[in-house]
Amino acid sequence: MMAVPRSATSKLNLGLRIFFSEFVRVSLRHPGQAVFFARTVAWQAAAARRRARAAAEGLHVPPIAIFSITNRCNLRCKGCYAQALRGDAPDDLPPGRMRGIVEEAEELGISFFVIAGGEPLVRPEIVDIARDHPRVVFLLFTNGLLLDEALVARLAALRNVVPVLSIEGNEAETDGRRGRGVHERLTDRMELLRRAGIFFSLSMTVTSANFDTVTDVPFVEAAVRAGCRLFFHVEYTPLRPGSDAWVLGDEQRAAMKGLVASLRQRFPAVFVAVPWDEEEQGGCLASGRGFVHISARGDLEPCPFAPYSDTNVLAMPLRQALASRFLRVMRENHSMFAETEGGCALWKNRDAVQALLARKTG
């Protein structure tokens, strides 16, 4: 089986160590959280050794799994990629299998879960699963509306869960896309998290309409004052007809990397810009180069934007699913999807992805 080149794997492992080391730096005002992230750097190294042992046995294991644990959601946001691709299909994995996937993943060396949906907090059992795997980091992407005082109290006892609240900018941008009153409710949730001393994040889908707001110093400054220490700027990918006007213009896209670099210099926070940061890792990290996606129905896919699969974790152990011929073929043809200019390369080239899925059985 062809694996990711060792130089690329080493570079990604180093990038993750730097990522969590930055968490230590921006958490120094909260010693308990800083100590946890310092330990995480060591745990990441141990997980990398487990992945290396798997590679020696011919199995490629990525460090990150994006796990969409449900398709259900309590909002109907304009332009939502999950709704466009999967709708409200009732595909939730059984709780026992969801737990089993995390257990198998940790044993293999997957040390970093991105928990997504739908709205993942419609399945609050994920918090109990995270509690039982304290050496695995869980980035919990949520619209925030199901965060109440009781749940925040539970999260405060878990250093390894980082709530990532989705926001579109200020009130006009957020409510315009997510619904009236959502921004005010998110502001309240941020205050709950700040008072509880929880390390939390904001995620912005960057469009032509909110670009100026979410890259501007006053917006970031206010978020940092509110307690945010991790920012995700994710370029909008148009999946729904009629949403092309939200796509970044060439000048905006070209300016993004410099703007984020400036924010990194100015604020005590960590900034991640996708797909711009992927360029430093040789382009798209999907298909196991950096991460795989597990859908709510258990399909093991290259990416949330590429809902194609030849394996399912309900039908087999995760180890067996990771040996997917389709994912291997995708990695072998990475050059077809290496460019990162202008949204998700896999979605833009989805006909080629489907052709590779067909080829793997030919």
Side-chain angles (χ1 to χ4, degrees), residues 19-20 22-30 33-34 37 75 77 114-116 119 121 137-149 151-152 155-156 159 161-236 246 248 252 255-274 276-277:
F19 183 63
F20 285 107
E22 284 292 288
F23 279 21
V24 176
R25 178 182 64 83
V26 302
S27 300
L28 291 177
R29 292 186 179 181
H30 299 279
Q33 191 73 66
F37 285 134
L75 288 180
C77 302
V114 175
I115 303 299
E119 167 50 51
L121 287 179
V137 175
F138 294 79
L139 292 187
L140 180 65
F141 278 73
T142 173
N143 60 43
L145 301 190
L146 299 180
L147 284 169
D148 56 20
E149 292 188 3
L151 182 53
V152 168
L155 293 175
R159 303 290 188 184
V161 178
V162 177
V164 184
L165 277 60
S166 297
I167 195 168
E168 309 305 326
N170 293 323
E171 183 176 7
E173 293 98 340
T174 300
D175 288 5
R177 187 173 182 196
R178 295 185 169 268
R180 186 175 179 181
V182 170
H183 185 272
E184 182 179 0
R185 294 163 75 185
L186 275 174
T187 302
D188 291 342
R189 271 47 172 196
M190 284 189 275
E191 178 59 16
L192 282 177
L193 294 168
R194 187 195 66 79
R195 290 204 310 262
I198 295 174
F199 185 99
F200 74 90
S201 170
L202 294 180
S203 176
M204 289 76 62
T205 300
V206 186
T207 69
S208 59
N210 71 358
F211 179 88
D212 290 340
T213 297
V214 299
T215 60
D216 201 17
V217 166
F219 172 79
V220 175
E221 187 173 41
V224 170
R225 284 200 309 269
C228 179
R229 291 295 179 267
L230 172 62
F231 292 81
F232 286 93
H233 288 82
V234 182
E235 183 177 9
Y236 176 70
W246 290 3
L248 293 183
Q252 291 173 319
M256 187 68 187
K257 198 168 185 178
L259 289 169
V260 171
S262 176
L263 294 173
R264 287 173 178 147
Q265 291 291 322
R266 183 161 184 162
F267 293 104
V270 178
F271 293 85
V272 178
V274 180
W276 296 270
D277 287 343

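From a predicted model like this one, the values you see are computed outputs, not experimental measurements.
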Notebook entry, point to check: Just wondering, do L155 and F200 contact through their side chains at under 4.5 Å, heavy atoms?
Noted result: no
Next item on the list: Would you mind reporting whether L140 and L121 have side-chain heavy atoms less than 4.5 Å apart?
Entry: yes
Note to self: Tell me which one of S203, S201, P163 satisfies side-chain contact (heavy atoms from CB on, under 4.5 Å) with F141.
What the structure shows: S203
Margin query: Is the shortest side-chain heavy-atom distance between F267 and V217 below 4.5 Å?
Written below: yes
Check: For I167, which of N210, V214, T205, L202 qualifies under side-chain contact (heavy atoms from CB on, under 4.5 Å)?
Finding: L202
Item checked: Name of the residue among F231, F211, F232 meeting side-chain contact (heavy atoms from CB on, under 4.5 Å) with M204 -> F231
Next item on the list: Have a look at L186 and tell me which of N143, T174, L147 forms a side-chain contact (heavy atoms from CB on, under 4.5 Å) with it.
Entry: T174
Item checked: Side chain to side chain, T142 and L165, heavy atoms closer than 4.5 Å -> yes
Item checked: pair M256-L248: side-chain heavy atoms closer than 4.5 Å -> no
Checklist line | Salt-bridge present (E191, R195; N to O < 4.0 Å) | finding: yes
Check: Does the side chain of V260 come within less than 4.5 Å of D277's, by heavy atoms?
Finding: no
Item checked: From CG (L193) to CZ (F199), nearest 0.5 Å -> 12.0 Å
Margin query: Within the structure provided, determine whether R177 and W246 are in side-chain contact (heavy-atom separation under 4.5 Å).
Written below: yes
Margin query: Applying side-chain contact (heavy atoms from CB on, under 4.5 Å) to R178 and S166, what does each step give before you reach the verdict?
Written below: CA-CA 10 Å; R178 295 185 169 268; S166 297; 3.2 Å; yes
Notebook entry, point to check: So how far is it from R229 CZ to Q33 CD, rounded to the nearest 0.5 Å?
Noted result: 11.5 Å
Notebook entry, point to check: From T213 OG1 over to E171 CD, what is the distance, rounded to the nearest 0.5 angstrom?
Noted result: 12.5 Å
Item checked: Chi angles and distances behind the side-chain contact (heavy atoms from CB on, under 4.5 Å) call for M190, C228 -> CA-CA 8 Å; M190 284 189 275; C228 179; 5.6 Å; no
